[in-house]
2 protein chains.
Amino acid sequence: MSGEATKGRSGRGRASARLTMQDIARLADVSTPTVSRVLNGSPLVTEETRERVLEVARAHGYAVNRNAQKLRHARTNTVAVMLDFGSHRHGAIGDPFVFELLAGVSEALSVRNQDLLLSPPGLDDVRAFRDFHRARGADGFIVLGQGTRDEMLRSLGKHDIPLVVWGAVSSDAGYCAVGSDNLGGGRLAGEHFVSNRRKRWLFVGDIRHEELRLRYEGLKLAAQGARNVAIDLLPIASMAFTVTAETVASYLAGVAPPDAVFAFSDTAAMAVIGAFRDRGLIAPRDYSLVGYNNIPPSAHFHPAITTIDQKTDVAGALLVEKLMEQIEGDRPASVVLPTRMVRRET
Amino acid sequence: MSGEATKGRSGRGRASARLTMQDIARLADVSTPTVSRVLNGSPLVTEETRERVLEVARAHGYAVNRNAQKLRHARTNTVAVMLDFGSHRHGAIGDPFVFELLAGVSEALSVRNQDLLLSPPGLDDVRAFRDFHRARGADGFIVLGQGTRDEMLRSLGKHDIPLVVWGAVSSDAGYCAVGSDNLGGGRLAGEHFVSNRRKRWLFVGDIRHEELRLRYEGLKLAAQGARNVAIDLLPIASMAFTVTAETVASYLAGVAPPDAVFAFSDTAAMAVIGAFRDRGLIAPRDYSLVGYNNIPPSAHFHPAITTIDQKTDVAGALLVEKLMEQIEGDRPASVVLPTRMVRRET
DNA sequence: AGTCGCCTTGAAAAGCATTTCATAATTGCG
DNA sequence: CGCAATTATGAAATGCTTTTCAAGGCGACT
């Protein structure tokens with residue numbers, strides 16, 4: 001509609017933005033290929049030429065057009081990262097956890113000089129994914145949080161698209177995954193309960209999420225492994241990924257309260273504490289509680305929350321590394337990162 | 001080095017990924033321009049041709065190569081988003097707040113069919129910024145959190161690069177900003193203290209951050225506006241953006257404790273509660289406390305934290321809208337979004 | 001001294017889609 | 001029925017960089 005304001009003039013500051021490799025070549029009195037070689041650090045150039053070209057390029061603030069580069073190469077040097085905003089928007093993830101993961105990935109990619117394209121929301125089926133990939137928007141995908149999309153990811157794995165997923169690691173998934181030891185994490189929580197002589201355990205979380213299912217399995221393992229005690233593993237409060245104090249409260253309304261709760265996240269654990277307090281139940285007096293992710297506020301919470309800590313510091317770099325291997329044509333194995341328990345008041 | 005694994009074969013699934021517009025043209029028995037026109041919804045094509053082309057394209061799962069598109073057009077339809085990971089990694093931001101902002105931006109961009117490029121960390125000076133822009137990685141920038149980079153952003157504003165910043169809005173900044181009413185938020189906190197008859201106020205936060213400085217100013221305004229009371233505004237604990245229970249504790253060690261604390265974030269508020277509790281001080285009995293951002297756990301905290309709520313739901317869309325206007329050549333005005341106080345136990 | 005081979009450089013093609021301009025086909029009108 | 005005016009389509013140029021291939025210049029070796 002408008003579009004005249006900028007089009008008309010060409011003598012302003014805009015002109016400099018149009019600088020191309022040819023311009024640099026002309027100014028340095030060489031050909032474009034030579035400029036290209038210099039800028040890419042090729043050894044096939046005289047030191048003297050190199051310096052001249054670099055000098056000109058710097059003086060004019062020239063930067064290579066990445067899009068032309070991407071077009072020329074088969075590789076785009078771009079990685080699409082998919083976040084689970086969907087559930088986050090509803091207050092679900094809440095933890096800065098995914099954010100930390102993203103920071104790690106961003107850093108690792110930048111080191112390797114890869115662009116990070118945040119994939120649009122709504123890439124929910126294989127078709128949308130493939131289109132996105134074919135449009136060469138990206139060489140590969142990093143999916144942060146598999147959510148309930150496991151099936152989609154599995155069929156994606158067959159499509160020859162480089163893909164790494166943060167989440168549950170299962171041997172038969174058919175795609176490369178990096179994740180923490182959810183089973184082990186769950187077991188740690190259970191062992192904590194055992195050592196506190198708790199007998200009525202409750203798991204809070206939606207086990208349709210593969211990661212959470214594994215944590216639950218770990219918890220069960222611990223229950224079965226307990227000697228001389230019969231553990232009562234209460235039916236799961238199979239609530240959505242979203243956990244609020246209200247949902248917990250309404251669950252509590254019907255039953256005799258548990259004496260141990262394993263919440264799928266620290267944020268959920270906080271909600272649990274609130275709901276239990278309303279019923280007059282205080283941790284650790286009346287029940288034990290273990291959260292997950294070890295987010296900073298958990299340490300300051302009252303009571304301070306015992307939680308499972310995942311090694312997120314290396315996660316980003318690892319995800320990127322695995323993806324790069326795939327892009328090179330390899331088929332790297334999945335990785336399970338260790339977890340540990342941070343024992344606090346609950 | 002390797003590179004043979006994929007290169008050699010061409011009969012596998014790879015071949016289909018190489019599908020180009022020419023292929024579609026040949027298959028549909030038309031020319032490339034026609035395919036292009038069809039795919040871009042140009043009216044210059046017969047209905048019959050259109051259908052044939054679309055049919056072929058769909059059948060073969062063809063998707064336009066965005067990089068070629070970007071190269072051809074002056075606009076890349078890509079927006080770079082800059083996050084303040086730096087401080088986050090040190091446990092600083094912590095709040096899911098920035099994350100929410102990002103989600104909003106992502107959604108708004110996807111609606112407008114714009115790619116979201118997460119800009120690499122370390123874009124700290126004007127030069128790096130400009131290079132990034134010139135490389136045509138992006139048509140414009142959205143900066144989430146101005147941090148202490150205000151000066152850099154100002155000089156950037158003069159460089160003819162479309163830019164919108166989430167953060168403090170000041171009339172002389174020279175760049176377009178969208179942010180919440182930090183001054184008003186600070187005043188709300190102060191008024192809360194006044195109504196609770198608190199007299200020794202402490203602000204926790206690093207006022208080198210423009211946003212935080214404004215909140216502090218708002219607090220001061222409320223102090224000055226109080227009738228019949230002399231408010232004692234304690235020297236700021238001018239700690240880094242990172243606030244831990246330890247920093248608060250060491251600050252407390254030297255002075256008579258305040259009876260009101262305004263923390264720059266809910267996460268910081270939680271740290272404050274922890275440190276005060278260690279000194280035997282309980283809110284709201286011994287002091288009032290107001291946080292910022294209204295993150296979910298604040299409601300479940302014990303005591304439940306009174307906080308300032310920002311309208312993040314519209315923020316993302318607004319940021320994108322302002323940026324688009326700039327890319328079109330306009331110079332949109334900055335916007336201040338309203339804040340409100342969520343009064344809870346503290 | 002002559003030939004071979006290496007090193008540096010440039011011309012041209014390729015990578016994929018869009019846009020301009022020209023052409024062929026069709027319609028409308030006198 | 002012939003000419004002008006549309007309309008649908010294609011050829012060629014364009015955007016910017018990288019890669020291949022060829023050529024020219026130089027020293028080294030026999």
Side-chain angles (χ1 to χ4, degrees), chain A residues 3 7 10 14-53 57 60 62-78 113 115 131 133-137 139, chain B residues 3 7 10 14-53 57 60 62-78 131 133-137 139:
Chain A
K7 280 278 174 58
S10 75
R14 294 283 177 187
S16 63
R18 296 227 167 254
L19 215 58
T20 145
M21 194 174 264
Q22 270 206 50
D23 299 325
I24 303 300
R26 195 180 323 117
L27 290 166
D29 203 30
V30 290
S31 68
T32 20
T34 302
V35 176
S36 173
R37 284 189 270 257
V38 168
L39 264 32
N40 292 316
S42 158
L44 304 173
V45 217
T46 325
E47 188 54 36
E48 188 225 324
T49 316
R50 173 189 315 285
E51 271 171 26
R52 185 152 35 97
V53 171
H60 293 258
Y62 170 74
V64 177
N65 182 330
R66 291 281 276 236
N67 289 319
Q69 254 178 345
K70 288 178 183 177
L71 176 57
R72 192 56 177 74
H73 289 308
R75 286 189 53 173
T76 64
N77 289 327
T78 301
N113 211 0
D115 287 348
D131 283 357
H133 178 249
R134 286 216 175 141
R136 299 264 173 77
D139 292 331
Chain B
K7 280 278 173 58
S10 74
R14 293 285 177 185
S16 61
R18 295 229 166 250
L19 215 59
T20 146
M21 195 174 262
Q22 269 206 52
D23 299 326
I24 303 300
R26 194 180 325 117
L27 290 166
D29 202 30
V30 292
S31 69
T32 20
T34 302
V35 177
S36 173
R37 283 190 271 258
V38 168
L39 264 33
N40 292 316
S42 157
L44 303 173
V45 216
T46 323
E47 188 53 36
E48 186 226 325
T49 317
R50 173 188 315 284
E51 271 171 27
R52 183 152 38 96
V53 171
H60 293 258
Y62 171 74
V64 178
N65 183 330
R66 294 243 338 193
N67 290 320
Q69 255 179 345
K70 287 178 183 175
L71 176 57
R72 195 60 178 73
H73 291 307
R75 283 189 56 172
T76 63
N77 289 328
T78 301
D131 283 357
H133 178 248
R134 285 217 176 138
R136 300 261 174 77
D139 292 331

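Letters A, B, ... are given to chains in the order of the sequence lines, protein chains preceding strands, and every chain is numbered from 1.
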Peer 1: Nearest heavy-atom pair of B:A25 and B:S31: which atoms, and what distance?
Peer 2: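 Nearest pair, atom of B:A25 first, then B:S31: CB-C, 3.7 Å.
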Peer 1: Going through the distances and angles, do B:D139 and B:H133 end up as a side-chain contact (heavy atoms from CB on, under 4.5 Å)?
Peer 2: CA-CA 7 Å; B:D139 292 331; B:H133 178 248; 6.0 Å; no
Peer 1: Which of these nucleotides, D:dA13, D:dT17, D:dT9, is closest to any side-chain atom of B:T49?
Peer 2: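 Comparing D:dA13, D:dT17, D:dT9 against the side chain of B:T49, the answer is D:dT9.
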Peer 1: How many Å lie between CZ on A:R66 and C1' on C:dC16, as a whole number?
Peer 2: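 In whole Å, C:dC16 C1' and A:R66 CZ are 19 Å from each other.
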Peer 1: Within this structure, what is the OG1-CZ distance for the pair B:T34 and B:R50, rounded to the nearest 0.5 Å?
Peer 2: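 The CZ atom of B:R50 is 11.0 Å from OG1 of B:T34, to the nearest 0.5 Å.
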Peer 1: Is any side-chain heavy atom of A:Y62 closer than 4.5 Å to one of B:R134?
Peer 2: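 Not touching, per the 4.5 Å side-chain cut-off.
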Peer 1: Could you go through B:V53 and B:V30, starting from their C-alpha distance and side-chain angles, then the distance that decides it, and tell me whether this counts as side-chain contact (heavy atoms from CB on, under 4.5 Å)?
Peer 2: CA-CA 8 Å; B:V53 171; B:V30 292; 4.0 Å; yes
Peer 1: Can you tell me which nucleotide in D:dT18, D:dA8, D:dC16 comes closest to the side chain of B:T46?
Peer 2: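 It is D:dA8.
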Peer 1: Figure out the CG/P separation between A:N67 and C:dG15, and round it to whole Å.
Peer 2: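 My rounded result for the distance is 18 Å.
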Peer 1: Which of these passes side chain to side chain donor-acceptor pair (under 3.5 Å) with A:R66: A:N77, A:D115, A:T76?
Peer 2: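 Exactly one pass, corresponding to A:D115.
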Peer 1: Could you state the CZ-P distance from A:R26 to D:dC16, rounded to the nearest angstrom?
Peer 2: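 Result: 12 Å.
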Peer 1: Hey, which of these two, B:A68 or B:R52, hits DNA chain D nearer its 5' end, going by closest nucleotide?
Peer 2: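 The answer here is B:R52.
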Peer 1: What residues in residues 31-44 of chain A put a non-hydrogen atom under 4.0 Å from any atom of DNA chain C?
Peer 2: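 Listed by number, they are A:S31, A:P33, A:T34, A:R37, A:L44.
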Peer 1: Does A:Q69 put a side-chain nitrogen or oxygen below 4.0 Å from OP1 or OP2 of D:dC16?
Peer 2: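 No, because none of the side-chain N or O atoms of A:Q69 sits under 4.0 Å from OP1 or OP2 of D:dC16.
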Peer 1: Less than 4.5 Å apart, any side-chain heavy atom of A:V64 and any of A:Q69?
Peer 2: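 A:V64 reaches A:Q69 side chain to side chain.
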Peer 1: Do B:L71 and B:N67 touch side chain to side chain, with heavy atoms closer than 4.5 Å?
Peer 2: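 No. Closest side-chain heavy atoms not under 4.5 Å.
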Peer 1: Is the phosphate of D:dT14, meaning OP1 or OP2, less than 4.0 Å from a side-chain N or O of B:H73?
Peer 2: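 For D:dT14, neither OP1 nor OP2 has a side-chain N or O of B:H73 closer than 4.0 Å.
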Peer 1: Anything under 3.5 Å between a protein N or O and an N or O of nucleotides 24-28 of chain C, put it in a table, one pair a line.
Peer 2:
none

Peer 1: Can you check the B:D23 CG to C:dC16 P distance for me, whole Å?
Peer 2: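 Rounding to the nearest Å, CG of B:D23 and P of C:dC16 are 9 Å apart.
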Peer 1: Does B:E47 have more than 12 heavy atoms from other residues, nucleotides or ligands lying within 6.0 Å of its CD?
Peer 2: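 Result for CD/B:E47: enclosed.
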Peer 1: Using whole Å, what does the distance between atom C1' of nucleotide D:dT17 and atom CZ of B:R72 come to?
Peer 2: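 It is 15 Å, rounded to the nearest whole Å.
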Peer 1: Whole-Å distance between D:dG15 C1' and A:L71 CG?
Peer 2: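 Interatomic distance, CG of A:L71 to C1' of D:dG15: 9 Å.
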Peer 1: Expressed as a whole number of angstroms, how long is the span from A:M21:CE to C:dA14:P?
Peer 2: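 It is 20 Å, rounded to the nearest whole Å.
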Peer 1: Expressed as a whole number of angstroms, how long is the span from A:K70:NZ to D:dC16:P?
Peer 2: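 The distance from NZ of A:K70 to P of D:dC16 comes to 16 Å, rounded to the nearest Å.
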Peer 1: Counting heavy atoms from C-beta on, name the nucleotide in C:dT18, D:dT9, D:dC16 closest to the side chain of B:V45.
Peer 2: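 Among the listed nucleotides, the one closest to the side chain of B:V45 is D:dT9.
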Peer 1: Within the structure, does a side-chain N or O atom of B:Y62 lie under 4.0 Å from either OP1 or OP2 of C:dC16?
Peer 2: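 So the side-chain polar atoms of B:Y62 never come under 4.0 Å of the phosphate oxygens OP1 or OP2 of C:dC16.
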Peer 1: Please list all pairs meeting salt bridge (Lys or Arg N to Asp or Glu O under 4.0 Å) that have one or both residues in residues 21-39 of chain A, counting only residues at least two apart or in different chains.
Peer 2: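 Sorted pair list: A:D23-A:R26.
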